[in-house]
Amino acid sequence: MSDSNLESTSSDFLREAIKQDLKEGRFTKVHTRFPPEPNAYLHIGHAKAVWIDYGIAVDFGGKFNLRFDDTNPLKEDQEFVDGIIEDVRWLGVDWEDRLFFASNYFEQMYDWAVELIKKGKAFVCDLTPEQMGEARGTITSPGTNSPWRDRSVEENLDLFGRMRAAEYPDGAKTLRAKIDMSSPNIHMRDPVMYRIRHAEHHTQGNKWCIYPSYDWAHGLEDSIEGVTHSLCSLEYEIHRPLYDWFLDELGIYHPRQIEFGRLNMTFTVMSKRKFIELVEGKHVRGYDDPRLPTLAGLRRRGVTPEAIKEFCRRIGVSKNDSAIDPVHFEECIREDLNKTAQRVMAVSSPLKVVLTNYPEGEIEYMEANNNPEDPEAGTRKVPFGKVLYIEKDDFREVPPPKYYRLSPGKEVRLRNAYFITCNEVIKDENGEVLELHCTYDPQTRGGDAPDGRKVKATMHWVAAETALKAEVRLYEYLFSKADPDDVEEGKDYTSNLNPDSLKIIEAFVEPSVKDAKPGTRYQFERQGYFCVDKDSNETSLVFNRTVTLRDSWAKIEKAQTK
RNA sequence: UGCCGGAUAGCUCAAUUGGCAGAGCGGCUGACUCUGGAUCAGCAGGUUCAAGGUUCGAGCCCUUGUCCGGCAGCCA
């Protein structure tokens, strides 16, 4: 909890508000919480929320709770509790011993509901969901009072007790707050506090058949935990008057809710419903598909928690609706992986090279830097031989202007090895290049020429004899439109799915990666960052491309073809 | 036609209680390099949504308007 502090953190409207609260004595400490509902896997948008909540607690020397907002047994499941805990822990967030469940407060919430009934501020309502909907009015017209609104306190107490005692079926009755059916804020029109649900709860079992609604429960949870600042997304702004109303009527400790804009990203989707549809529609391979912005997907793809944290820091926080271009995220991933990922050579589209003057059958081991950015990373030995593979794209029979790589008669450097010169291009009957015959200069071992001559390009390679075959999964944006929901009449976002979001190729990789465990991250030099997939095993290697390297050559080439 | 928000550089955000509109990313140019990567340096980029008002002074306060988002689950 030391990597962030007040001085080094740029401020934002949330931190300013909190500073003000502290200054004015509204609160004397800072205590935040992250309150996910365990009904889905977390995505990068949640990561932003986590880093706002946790980051603020750290910055102000306060505390942070992880709390499951598990008030709806129909949607929630232990599976998601476990997944969310794993994800939040993976992000590097420390909630110490403060892992809580809203469901542990049900008894207290019940008592408070009884209190509100006694105050004449809540009543049992027999309206059906349909009737209640009609009586609510509309966005521009007031609602009408429930016929059950004026039941006596005694009757309400009795009925509410019977609700709890399982005397009624689902939906037969609700407990509602008695506020104002003509309020311009629909959420203040006698909102439901309890509904009947004969369903098993993942922590409570069958103890309860009435469950508190979000609006009733959330402020109470915050209050019980001594949270000072209940930070949530913009959609809850309109709920704040209700949040305040319950706390004020109860006269209990009153945290402050402040809302911020949630994270959206272009070229992807960020909703539980769509994740489910994409998985069930087989558009992706699961919730941890590396193309999904779920934390499980990002983790599998090879993204580091540090990159996510830095991304969240850079995008900041405001009350704007915004959609971030994924290039900003990719930049954060590169920045972190550049510092930490071991370099390795891999050829994804092989072209055979035969060194005609290299001794037949000989293999020598070239010393290679594991990470030029990190001297501590050490070196490794990479086998070199007479027959090599280079990248197809690193050879052009007719080089375009400013093409510095290999072409007939040109000399280039093979990384960590020798200079080679291309002498002969072997083709098949169709004119397709089959292989290159080159010579190497033994004087240039290690990469420098004793006579001081320079080459413009350095290329990666693997020795044919010792190369490992690997499946490499190349990912692109899941959607081909910045806004996947931008569709023609009658179509939905799935029509914007990018057909090329996953491309599987076979590559040759240097043998040092042989026993790499799933999750291990590498930089394939000059190509990008890759991560060993969980499908990988002793007999077949599988890599995911996390992100490509920044490619300035691609830019130059594009500019030239214009 | 209701209520609650929002609008500052291409993108995301800043701008002490009203006081010279800045940063990161992106773009462009150059340097350097055993990754055409990384790194470094420089440059360009703005009618702060519009119109009015208050003020010595407005991105900030007031009024009106425009555009965008959210809100009518017994979801959260």
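The chains referred to below are lettered A, B, ... by the order of the sequence lines, with proteins before strands, and numbering in each begins at 1. Note that this is a predicted model, so its numbers are computed, not measured. Note: hydrogens, waters and symmetry copies are ignored here, and every other heavy atom, side chains too, is used.
- For B/G26, the OP1/OP2 oxygens have a side-chain nitrogen or oxygen of A/Arg550 closer than 4.0 Å.
- OP1 or OP2 of B/G36 sits under 4.0 Å from a side-chain N or O of A/Arg526.
- In this model, the phosphate group of B/C13 is approached by a side-chain N or O of A/Asn320 to a distance below 4.0 Å at OP1 or OP2.
- Within the 4.0 angstrom heavy-atom criterion, no nucleotide atom of any strand lies near A/Leu175.
- Considering only side-chain N and O atoms, A/Ser213 lies nowhere under 4.0 angstrom from the phosphate OP1 or OP2 of B/C74.
- Within 4.0 Å (heavy atoms only), A/Asp215 reaches no atom of the nucleic acid at all.
- Classified by interplanar angle (parallel below 30°, tilted 30° to 60°, perpendicular above 60°), the ring pair A/Phe543/A/Tyr522 is perpendicular.
- Residues A/Val192 and A/Arg415 each lie close to RNA chain B; by heavy-atom proximity, the contact nearer the 5' end of the strand is made by A/Arg415.
- Taking side-chain N and O atoms only, A/Arg195 has a distance below 4.0 Å to OP1 or OP2 of B/A76.
- With salt bridges taken as basic N to acidic carboxylate O contacts below 4.0 Å, one links A/Arg396 and A/Asp393.
- A/Arg136 has a side-chain polar atom (N or O) that falls below the 4.0 Å cut-off from OP1 or OP2 of B/C74.
- For the pair A/Lys456 and A/Tyr404, the distance from NZ or CZ to the six-membered ring centre is under 6.0 Å and the angle to the ring normal is within 45 degrees.
- At a threshold of 4.0 angstrom between heavy atoms, the contacts of A/Glu373 include nucleobase atoms, whether or not backbone atoms are also involved.
- Seen from the ring of A/Tyr493, A/Lys274 counts as a face-on cation partner, given the 6.0 Å and 45° thresholds.
- Note on A/Val317: only backbone sugar-phosphate atoms sit closer than 4.0 angstrom, heavy atoms only; bases stay farther off.
- Counting non-hydrogen atoms under 4.0 angstrom, A/Ile139 reaches a base of the nucleic acid.
- Residue contacts shown for A/Arg240 are absent, as no nucleic acid heavy atom lies under 4.0 Å away.
- Between A/Glu277 and A/Lys272 no salt bridge is recorded (no basic side-chain N to carboxylate O distance below 4.0 Å).
- With A/Tyr110 as the aromatic partner, A/Arg164 meets the cation-pi criteria of under 6.0 angstrom to the ring centre and within 45 degrees of the ring axis.
- Using a 4.0 Å heavy-atom distance criterion, A/Thr138 is classed as a base contact.
- Taking only side-chain nitrogens and oxygens, A/Ser141 never comes nearer than 4.0 Å to OP1 or OP2 of B/G2.
- In this structure, A/His239 reaches the bases: a heavy-atom distance under 4.0 Å links it to at least one base atom across the strands shown.
- Remark: A/Arg240 does not engage A/Asp215 in a salt bridge, criterion side-chain N to carboxylate O under 4.0 Å.
- A sub-4.0 Å separation between OP1 or OP2 of B/A76 and a side-chain N or O of A/Thr71 is present.
- Heavy atoms of A/Ser322 sit under 4.0 angstrom from primed sugar atoms or phosphate atoms, though from no base atom.
- Nucleotide B/G73 is shown with a syn base, its glycosidic torsion being within 90° of 0.
- The residue among A/Ile196 and A/Lys48 whose nearest nucleotide of RNA chain B is located toward the 5' end is A/Lys48.
- Base pairing annotation: B/U33 forms no Watson-Crick or G-U wobble pair, as no partner gives both donor-acceptor distances under 3.5 Å.
- Using a 4.0 Å heavy-atom criterion, one finds that A/Tyr211 contacts no nucleic acid atom at all.
- Across all strands, A/Glu331 comes closer than 4.0 Å only to sugar-phosphate atoms, never to a base (heavy-atom distances).
- Here the separation of B/G22 from B/U64, taken at their P atoms, is 33 Å to the nearest Å.
- Among the atoms of the strands shown, base atoms are found under 4.0 Å from some heavy atom of A/Gly447.
- As judged by a 4.0 angstrom heavy-atom cut-off over every strand, A/Asp448 is placed among the base-contacting residues.
- Scanning atom types as modelled, no donor and acceptor separated by under 3.5 angstrom connect the side chain of A/Gln527 and the base of B/U35.
- Using a 4.0 Å heavy-atom distance criterion, A/Met132 is classed as a base contact.
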